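The structure appears right after this line, and notes come after that.
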Amino acid sequence: MADEAPVLDDKVKCMKLKITVFCFLLLPLSSIGQHKKEGAIPAPLQVGVSVGIKSITPEKMAYVRSVGISCINISLNPLVDKQGNIDMSDRAVKKLVHEVKRSVKKVGITVSAFHMPFGRYMDLSLIDEAARQKVVAVNEKLLRLCAPLKPAIVLFHPSWYLSLGQRQEHINQLIKSAEALDEPVKKMGATMVIENMTGPKLYVERKGVKYERPLCSTVKEMMEIMSKLPSDIYAAVDMNHILHPEKLVLALGQRLKFIHVSDGDGEHEYHYFPCSGKGDNDWTAILRALYTAGYTGPFMYECHYKDLRDLAPCYNLLYNKFVLEKYIKPEYEK
């Protein structure tokens, strides 16, 4: 994946961030060391990246590991066609899964999560009952076929874009689907999570057709839906889907189990690289919220980037800036 070159203002933002972290390096090492010794500074998160299952090769995984990335989020979307049908035979899927397992095991990459297929025909909230049951069945089959990869998390989108005036009906159908899929997920030894979607405006037009935004597109609706789901179904926060994602992180608290990392404006699917200088996210506020919520999962990138080698240094930059502003700077200014 490749991101566009930042405009001048974006380069200035990047430079300011680097200067701030450089100042962190100038502070007394004794102060930093003392904070770490006392356990005041939280440990860095693992760095991960999202990859499509068909793009995983031994060579790519070796490179991923060599640039400081220790875990992956595998998208299973490439396994289904535009109509929501699995486009490979069971035998072919099993063979692919075997090859992927061998590729990640060889270099010590952890499979943190599956990102289950999504789209118009893979919508867990479909009102047509037969269509909804088909979506559940396809997901169950994929979980069974891909189980040998042993993900810790299985992530689902709550819906596609919705038909007008039927939001509550879609919520009811989502809950039925989630309850049905929770069992096969738990059987794998994994945890099911529902991801927030892009908002916050209710209506959107796609190719001349007016829809309602997907479910879980505001903090309020996300929390309402989570309250109706079984307590062993958790949440994921996509930093690209909401303005001020730290608010959703704090609202979810311990119900948060996974994140997708990218930047944006909360209204469009930009998926900017966090260190590109684009987007409106306050990464210090986000990291503060994550640690406050007790989040210990990976910092899982799902964004445009120029090279995989940029991901770990970007996280280190954001983490060091967070440590500087939250722990070191206040102590140094006393």
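Residue numbers count from 1 along this sequence. Keep in mind the model is a prediction, meaning the values are calculated, not measured.
- Among L256, L287, L252, the one residue that satisfies the side-chain contact (heavy atoms from CB on, under 4.5 Å) test with Y295 is L256.
- Annotation: the span from S159 atom OG to M122 atom CE amounts to 13.5 Å, rounded to 0.5 Å.
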For this session: Start with the C-alpha distance between I56 and I72, add both sets of side-chain angles, then the distance that settles side chain to side chain contact (heavy atoms under 4.5 Å, CB included), and finish with yes or no.
Result: CA-CA 10 Å; I56 295 174; I72 56 174; 4.0 Å; yes
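- Residues M197 and V193 are members of separate hydrophobic clusters, defined by side-chain heavy-atom contacts under 4.5 angstrom among Ile, Leu, Val, Met, Phe, Trp and Tyr.
- Closest approach of P298 and F258 over heavy atoms only: CG-CE1, 3.7 Å.
- Aromatic ring pairs are classed by plane angle as parallel below 30°, tilted from 30° to 60° and perpendicular above 60°; the pair F322 and Y319 is tilted.
- Looking at D123, its side chain does come within 3.5 Å of a backbone N or O of S125 through a donor-acceptor pair.
- None of E169, H170, E212 except one satisfies the side chain to side chain donor-acceptor pair (under 3.5 Å) rule with S163; the exception is H170.
- In this structure, the side chains of P184 and R144 stay at 4.5 Å or more apart for every pair of heavy atoms.
- Put simply, the side chain of D280 never gets that close to the backbone of D265: no donor and acceptor are under 3.5 Å apart.
- The minimum heavy-atom distance between S70 and Q46, with the atom names listed, is OG-NE2, 3.0 Å.
- Here the closest non-hydrogen pair linking L308 and V67 is O-CG2, 3.8 Å.
- With respect to the salt-bridge test (charged N to carboxylate O, under 4.0 angstrom), the residues E99 and R102 do not qualify.
- Using a 4.5 Å cut-off between side-chain heavy atoms of Ile, Leu, Val, Met, Phe, Trp and Tyr, with links allowed through other members, V136 and F156 fall into the same hydrophobic cluster.
- The ring pair (Phe, Tyr, Trp, His ring centres under 6.0 Å) pairs that include a residue from residues 174-200 number zero, where partners must be two or more places apart or lie in different chains.
- Side-chain contact between E267 and P200 is present, with at least one heavy-atom pair separated by less than 4.5 Å.
- Atom-to-atom distance recorded for F114:CZ and C146:SG is 5.0 Å, nearest 0.5 angstrom.
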Problem set entry | Full working for side chain to side chain contact (heavy atoms under 4.5 Å, CB included) between Y291 and L45 | CA-CA 10 Å; Y291 284 114; L45 302 174; 3.8 Å; yes
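- L124 and H157 get closest at one heavy-atom pair: CD1-O, 3.8 Å.
- Using a 4.0 Å cut-off between a side-chain N of Lys or Arg and a carboxylate O of Asp or Glu, R288 and E325 do not qualify as a salt bridge.
- Residues in residues 74-98 take part in these side chain to side chain donor-acceptor pair (under 3.5 Å) pairs, two or more places apart or across chains: N85-K134, D90-K141.
- Inter-residue side-chain proximity for H260 and S50 is flagged as met; some heavy-atom pair is nearer than 4.5 Å.
- Taking 4.5 Å as the limit, every side-chain heavy atom of S276 sits out of range of all side-chain heavy atoms of D263.
- The distance from the CD atom of Q173 to the CG atom of L126 is 8.0 Å, given to the nearest 0.5 Å.
- Between V261 and W283, the shortest heavy-atom distance links the atoms CG1-CH2, 3.7 Å.
- Residues L145 and V97 are not in side-chain contact: their nearest non-hydrogen atoms beyond the backbone lie 4.5 Å or more apart.
- Cluster annotation: L250 is not connected to V237 through the hydrophobic network of ILVMFWY side chains, with a link wherever side-chain heavy atoms come within less than 4.5 Å.
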Exercise. Please walk me through it: do N316 and V47 pass side chain to side chain contact (heavy atoms under 4.5 Å, CB included)?
Worked result: CA-CA 9 Å; N316 291 336; V47 176; 5.6 Å; no
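- No donor-acceptor pair under 3.5 Å is formed between the side chain of R255 and the backbone N or O of V249.
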For this session: Give the C-alpha distance, both sets of side-chain angles, the deciding distance and a yes or no for side chain to side chain contact (heavy atoms under 4.5 Å, CB included) between V111 and K150.
Result: CA-CA 7 Å; V111 178; K150 297 182 179 180; over 6 Å; no
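- With rounding to the nearest 0.5 angstrom, the CG atom of L149 is 5.0 Å from the CD1 atom of I74.
- Side-chain atoms of Y301 come within 3.5 Å of backbone atoms of L311 as a donor-acceptor pair (strictly under, hydrogens ignored).
- Nearest heavy atom pair, residue M223 against residue A251, reads CE-O, 3.2 Å.
- Summarising the local packing, NZ of K105 is surrounded by 12 or fewer heavy atoms from other residues, nucleotides or ligands at distances under 6.0 Å.
- For residues 198-231, the ring pair (Phe, Tyr, Trp, His ring centres under 6.0 Å) pairs, not counting sequence neighbours, are W160-Y211.
- At a threshold of 4.5 Å between non-hydrogen side-chain atoms, the residues I259 and L290 count as touching.
- Put simply, the side chain of E221 gets close to the backbone of C216: a donor and an acceptor are under 3.5 Å apart.
- For residues 183-200, the salt bridge (Lys or Arg N to Asp or Glu O under 4.0 Å) pairs, not counting sequence neighbours, are D182-K186, E183-K186, K186-D232.
- With K278 contributing its side chain and Y272 its backbone, the two residues share no donor-acceptor pair below 3.5 Å.
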What side-chain donor-acceptor pairs closer than 3.5 Å can you find for residues 239-247, not counting sequence neighbours?
residue: N240; atom: OD1; partner: Y270; partner atom: N; Å: 3.4
residue: N240; atom: OD1; partner: H271; partner atom: N; Å: 2.9
residue: N240; atom: ND2; partner: E269; partner atom: OE1; Å: 3.3
residue: N240; atom: ND2; partner: H271; partner atom: NE2; Å: 3.4
residue: H241; atom: ND1; partner: N196; partner atom: O; Å: 2.8
residue: H241; atom: NE2; partner: E269; partner atom: OE1; Å: 3.4
residue: H241; atom: NE2; partner: E269; partner atom: OE2; Å: 3.2

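- Remark: C71 pairs with no residue by the disulfide bond (SG atoms under 2.5 Å apart) rule, at least two apart or across chains.
- The closest side-chain heavy-atom distance from L318 to F299 is below 4.5 Å.
- For the pair I171 and E224, the minimum side-chain heavy-atom distance is 4.5 Å or more.
- To the nearest 0.5 Å, atoms CG (L79) and CD1 (I53) are separated by 5.0 Å.
- In the hydrophobic cluster analysis, where Ile, Leu, Val, Met, Phe, Trp and Tyr join through side-chain heavy atoms closer than 4.5 angstrom, Y121 is grouped apart from L76.
- Distance check, rounded to the nearest 0.5 Å: CG of L317 to SG of C275 gives 5.0 Å.
- Note on L215 and F118: separate hydrophobic clusters, where clusters join Ile, Leu, Val, Met, Phe, Trp and Tyr whose side-chain heavy atoms are under 4.5 Å apart, directly or indirectly.
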